[in-house]
Amino acid sequence: MKTNFYKLLMILSLVIGLGGCATAELTSTPSLYDRLGGKPAIQAVISDFVDMVGGDTRIQNEKVGAKLAAIDINQLKTHLVDQVCMAAGGPCTYTGRDMITTHKGLGITTAEFNWVVDDLVKTLDKYKVPAQEKGELLALLGPMKNEIVEIP
Ligand code: HEM
């Protein structure tokens with residue numbers, strides 16, 4: 001009698017356990033990284049985005065212009081891809097400098113920050129990234145404003 005009770009208990013826990021797994025599988029949302037289309041999609045967006053920022057005539061900041069002319073743009077793109085990939089839950093590690101050190105002394109204004117975000121939105125729209133994913137990505141990057149803007 002006791003053995004039957006334990007058997008029943010084991011079967012029940014197995015059924016509940018498996019049911020739990022199946023439910024978790026059905027309801028869990030893929031990471032933002034996967035929904036964006038993985039690394040190739042992020043690379044395409046970032047490459048176009050950096051090119052657009054480089055040609056954005058609204059940004060007249062001479063220090064920013066001089067920096068962008070002096071650095072290896074492909075390395076900047078690689079670092080940005082890793083940063084976005086990692087923040088979106090992808091299998092990447094960002095190895096660049098922190099946002100305060102990177103942008104220190106460039107005198108970046110709030111308006112310039114907003115124009116850069118505007119360029120990113122335009123690029124995401126060009127690649128038809130849906131509103132949900134666009135919103136999630138912008139929400140990940142938005143809080144970095146405090147570390148990047150020096151002139152409110
Ligand atoms: C959320 C917004 C931004 C993010 C996530 C971001 C991220 C980055 C990253 C990852 C790097 C490369 C760091 C490294 O290689 O170690 C970088 C470099 C740079 N960023 Fe930004 N950035 C943002 C906004 C801006 C804005 C608004 C400007 C100017 C208007 C700007 C100008 C630059 C410049 C000039 C560099 C090169 C600095 C150097 O290599 O010394 N960034 N940024």
Side-chain angles (χ1 to χ4, degrees), residues 13-152:
S13 9
L14 199 70
V15 168
I16 292 168
L18 287 177
C21 286
T23 316
E25 229 167 70
L26 284 177
T27 53
S28 70
T29 316
S31 68
L32 175 60
Y33 169 82
D34 283 330
R35 283 178 286 131
L36 286 171
K39 203 158 175 184
I42 295 174
Q43 280 168 326
V45 167
I46 293 299
S47 184
D48 275 25
F49 160 63
V50 171
D51 292 345
M52 193 185 280
V53 171
D56 190 334
T57 51
R58 291 173 297 180
I59 302 166
Q60 306 247 342
N61 182 324
E62 285 175 12
K63 285 179 187 161
V64 169
K67 255 292 179 237
L68 291 179
I71 61 165
D72 176 353
I73 292 293
N74 283 330
Q75 195 186 63
L76 169 65
K77 287 179 179 177
T78 303
H79 279 163
L80 260 173
V81 167
D82 285 341
Q83 188 188 39
V84 168
C85 167
M86 194 167 108
C92 310
T93 307
Y94 174 64
T95 57
R97 291 159 295 160
D98 66 83
M99 291 300 94
I100 295 178
T101 310
T102 300
H103 300 91
K104 206 177 186 72
L106 292 175
I108 295 172
T109 64
T110 298
E112 286 165 348
F113 183 88
N114 291 339
W115 290 326
V116 166
V117 172
D118 182 50
D119 288 338
L120 179 60
V121 170
K122 281 184 186 145
T123 316
L124 293 168
D125 286 343
K126 179 187 159 188
Y127 281 91
K128 303 203 176 349
V129 172
Q132 173 70 30
E133 283 69 31
K134 199 164 57 175
E136 284 181 41
L137 184 59
L138 294 173
L140 287 172
L141 302 178
M144 295 175 189
K145 182 178 180 177
N146 293 338
E147 301 179 338
I148 292 168
V149 168
E150 286 181 322
I151 304 170

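Atoms within each ligand, like the ligands themselves, are counted from 1 in listed order.
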Atom pair CD1/CG of Ile46 and Leu80 - distance to nearest 0.5 Å: 5.0 Å
Under 4.0 Å from ligand 1, counting heavy atoms only, is it the side chain of Gln83, its backbone, both or neither? side chain
Would you mind running through ligand 1 and noting each atom that sits below 4.0 Å from a heavy atom of Ile108? 26 (C), 27 (C), 28 (C), 29 (C), 31 (C)
For the residue pair Asp82 and Lys39, establish whether any side-chain heavy-atom pair is separated by less than 4.5 Å. yes
Identify the heavy atoms of Tyr33 and Ile42 that sit nearest to each other, and give their distance. CD1-CD1, 3.7 Å
Write out the residue and atom name of the closest protein heavy atom to atom 37 (C) of ligand 1, then the distance separating them to 0.1 Å. Ile71 CD1, 3.7 Å
Provide the closest heavy-atom pair for Ile73 versus Leu68 in the form atom of the first, atom of the second, distance. CD1-O, 3.6 Å
Note: ligand 1 atoms sitting under 4.0 Å from heavy atoms of Gly96 are 16 (O)
Between His103 and Met99, the two heavy atoms sitting closest are ND1-O, 2.8 Å
Could you give the side-chain donor-acceptor pairs of residues 83-94 under 3.5 Å, partners two or more places apart or in another chain?
from	atom 1	to	atom 2	distance (Å)
Tyr94	OH	Arg97	N	3.4
Tyr94	OH	Arg97	O	2.6

Show which atoms of ligand 1 fall inside a sub-4.0 Å distance from at least one heavy-atom site of Leu141. 1 (C)
Taking non-hydrogen atoms only, is Leu106 closer than 4.0 angstrom to ligand 1 via side chain, backbone, both or neither? side chain
Give the residue and atom name of whichever protein heavy atom lies nearest to atom 39 (C) of ligand 1, and the separation in Å to one decimal. Arg97 NH2, 3.2 Å
Decide if atom NZ of Lys122 counts as having more than 12 heavy atoms of other residues, nucleotides or ligands within a radius under 6.0 Å. yes
With rounding to the nearest 0.5 angstrom, report the CG to CD1 distance, Asn61 to Ile151. 7.5 Å
If the cut-off is 4.0 Å to any non-hydrogen atom of Met144, which atoms of ligand 1 fall inside it? 5 (C)
Give every protein N, O or S atom lying under 2.8 Å from atom 21 (Fe) of ligand 1, naming each by residue and atom. His103 NE2
Hey, looking at atom 15 (O) of ligand 1, which of Glu112, His79, Lys67 has the closest heavy atom? His79
For Glu136, give me all partners under side-chain hydrogen bond (donor to acceptor under 3.5 Å, both in side chains), at least two apart in sequence or on another chain. Arg35, Gln132
The answer for which part of Tyr94 has a heavy atom under 4.0 Å from ligand 1 is side chain
Closest approach of Thr102 to Asp98 (non-hydrogen atoms, all atoms of both residues): OG1-O, 2.7 Å
Within residues 42-53 or reaching into it, pairs that qualify as side-chain hydrogen bond (donor to acceptor under 3.5 Å, both in side chains) - sequence neighbours excluded: Ser47-Lys77, Asp48-Lys126, Asp48-Tyr127, Asp51-Lys77
